[in-house]
Amino acid sequence: MADSHKLERDSKVDYDDAPDGGYGWVVLFGSFIVYILTGGVAYSFGVLYVEFIDYFGASQASTAWIGALLIGSGFLGFPVALLLINKHGYRTATMIGGIMSSLGIFATSFTTDIQQIYFTYGVFTGFWIIPIPLSAMGIIGKYFKKKFAIATGLSACGTGVGQIVMPIMLQILVDKYGWRGSLLVLSSLTLNYCVIAAMFRPLEMKQRGKHGAIKNDASFDKKNSKNGEIPPNTVSVIDKYTPMVAEYDINTSNVQQTCIYSTEREVKLKVSESSYKASWRQKCERLMKRCDCLLFRNVAFSLLMMSSFGQYGGSCAVIVHIVKRGRDYGIPGMLSSSLPSIMGLTQFTGRIFWGIMGRISNKLPPGLLYSASLAAAGCTTLASIHFPTYTGQIVYMILFGICMSCFTPIVPVVMRQIVGVKKMDNGLMYFYMGESIGALVIAPMTGWLRDISEDYDVAFYFLGLIFLVSAIFALLSHYVHTKRTKQMGSQPEEDHDITKIKN
């Protein structure tokens with residue numbers, strides 16, 4: 001048994017051997033397009049929001065539920081997306097998300113009342129389209145290590161491009177074809193996710209060990225084995241189509257194992273069904289381990305999660321209501337629709353800047369940057385109430401866009417520091433789920449405050465406070481993580497088992 005544990009320790013996949021370039025730049029370009037489409041669909045809802053109010057004669061609170069459900073349904077979609085990634089890989093998960101979200105938008109163009117839009121555009125489309133960036137960010141984490149912060153910044157600035165182009169494009173389409181025709185065009189655009197998914201080629205992870213370990217997934221084939229047999233002791237199975245790696249010890253249990261070589265030169269391990277029957281309890285424990293629920297025992301991670309509610313919920317509320325607030329201020333329709341595009345232009349340049357800032361994390365900690373950007377977003381939101389002119393709203397969109405552009409590229413860097421690269425996919429999944437819950441609650445609440453107060457002043461005071469509270473949680477997370485890191489010394493973060501640490 002001792003030898004078995006020793007073999008298990010010696011045969012570890014080198015997750016840190018990321019190329020930091022090469023084909024990674026193609027993957028980065030694909031991720032950039034993913035963010036353009038996802039950000040464009042999510043952040044252009046303000047244009048449709050006004051059209052739905054005028055067409056159906058619904059209240060602003062009830063109409064805001066569509067945008068909230070679009071983002072909030074990601075709460076249910078992220079676990080499903082993670083399971084698809086673990087089972088089928090980033091490529092397949094992206095394709096499925098693209099096809100299903102296209103069908104949801106297509107169905108919305110045929111709806112006859114706002115309740116139907118709740119389901120087709122809000123729940124169904126959001127369930128599939130919002131989690132797609134999880135694949136884009138996850139595969140970047142496999143291809144980049146030293147340049148990870150810059151890569152995430154370049155990828156995430158696609159959201160800014162989508163925010164620049166989509167609201168204006170959607171307004172032009174609505175003016176010419178109506179909201180139904182514009183949704184048909186939007187449905188066809190989202191099918192480009194399938195083209196992008198083809199770029200997400202799985203990374204061939206290297207293997208190192210002493211006991212006949214495989215050097216990479218293509219180096220072990222029939223010609224290196226005697227009569228096509230697998231060397232004794234440990235067999236490492238690397239699936240080229242998924243990021244999951246499984247290890248089996250042949251010397252333990254009576255499991256009948258057969259190795260089959262495919263044209264892709266991968267090793268597939270068949271375990272006879274009769275020899276492996278897990279109880280429901282074991283299956284639940286396995287699911288808990290896969291979802292990594294023990295991450296919440298990490299206090300720094302839990303505090304970071306608390307900041308996600310207000311960070312994204314507040315941002316979505318601003319994006320949903322900024323066009324309508326502009327019209328309430330007397331700003332013409334096309335100029336009001338241009339406000340999200342101005343914020344998108346700022347985000348496009350700002351995310352590259354924040355990605356570079358995240359690269360120099362030794363001098364300026366990403367956790368501190370994240371907290372400061374939340375605080376600045378709260379202050380600018382509170383100040384925007386006192387500048388109801390078009391010029392004042394442009395200044396607000398520029399300043400708020402600079403703050404918001406920090407969130408997407410910096411959060412993965414902070415997450416990687418707190419939970420490590422091996423747990424980053426699960427950590428980001430929970431963080432994005434927290435963002436979805438925030439969007440589901442805060443955006444409709446903002447519309448409700450507008451309805452009862454008959455102006456947006458109270459609603460935006462509420463949003464400003466939400467950002468400031470989130471900044472406090474982010475600052476506490478940075479403090480706890482810094483304190484824990486000093487206690488651990490200089491050991492790399494990804495080598496720590498954070499579930500066994502008492503904070």
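Given the structure is predicted, the values throughout are model-derived calculations rather than measurements.
Applying the 6.0 Å contact sphere to OH of Y329 captures more than 12 heavy atoms from other residues, nucleotides or ligands.
Taking CD1 from I36 and OG1 from T159, the interatomic distance works out to 8.5 Å, rounded to the nearest 0.5 Å. Here T190 contributes atom OG1 and M100 contributes atom CE; the two are 12.0 Å apart, rounded to the nearest 0.5 Å. Here the CD1 atom belonging to I117 is positioned 10.0 Å from the OG atom belonging to S109, to the nearest 0.5 angstrom. Within the model, atoms OG1 of T94 and CD1 of I99 stand 11.0 Å from one another, a figure rounded to the nearest 0.5 Å. To the nearest 0.5 Å, the span separating CZ on F56 from OG1 on T63 amounts to 9.0 Å. Between atom CG of residue L382 and atom OG of residue S384 there is a gap of 7.5 Å, rounded to the nearest 0.5 Å.
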Side-chain donor-acceptor pairs of residues 71-83 under 3.5 Å, sequence neighbours excluded:
unit_1 : atom_1 : unit_2 : atom_2 : d
S73    : OG     : L69    : O      : 2.8
S73    : OG     : L70    : O      : 3.4
S73    : OG     : G122   : O      : 3.3
S73    : OG     : V123   : O      : 3.3
S73    : OG     : F127   : N      : 3.0

Only distances under 3.5 Å count here; give the side-chain donor-acceptor pairs of residues 305-312 to other protein atoms, sequence neighbours excluded, each with its distance to 0.1 Å.
unit_1 : atom_1 : unit_2 : atom_2 : d
S307   : OG     : L304   : O      : 2.6
S307   : OG     : Y370   : OH     : 3.1
S308   : OG     : M305   : O      : 2.5
Q311   : NE2    : Y370   : OH     : 3.4
Q311   : NE2    : E435   : OE2    : 3.0

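Separation of the W25 and F144 ring centroids falls under the 6.0 Å cut-off. Here Y118 and W65 keep their ring centres 6.0 angstrom or further from each other.
Of the N and O atoms on the side chains of T120 and Q116, not one donor lies less than 3.5 Å from an acceptor on the other residue. Donor-acceptor pairing under 3.5 Å is recorded for the side chains of Y193 and T38. Looking at Y390 and S336, their side chains never bring a donor and an acceptor atom within 3.5 Å of each other. For S59 and S62, the side-chain atoms include at least one donor-acceptor pair closer than 3.5 Å.
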Original post:
Hey, mind stepping through L189 and M169 against side-chain contact (heavy atoms from CB on, under 4.5 Å) and telling me if it holds?
Top reply: CA-CA 12 Å; L189 283 176; M169 183 193 77; 3.7 Å; yes
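No side-chain donor-acceptor contact under 3.5 Å links S101 to the backbone of T125.
Annotation: salt bridge (Lys or Arg N to Asp or Glu O under 4.0 Å) contacts involving residues 321-346, sequence neighbours excluded, comprise K324-D328, D328-R450.
Annotation: side chain of I319 is in contact with side chain of M343 (closest heavy-atom distance under 4.5 Å).
Smallest separation of non-hydrogen atoms from L374 and F467: O-CB, 3.6 Å. Between M166 and G40, the closest heavy-atom pair is CG-CA, 3.2 Å.
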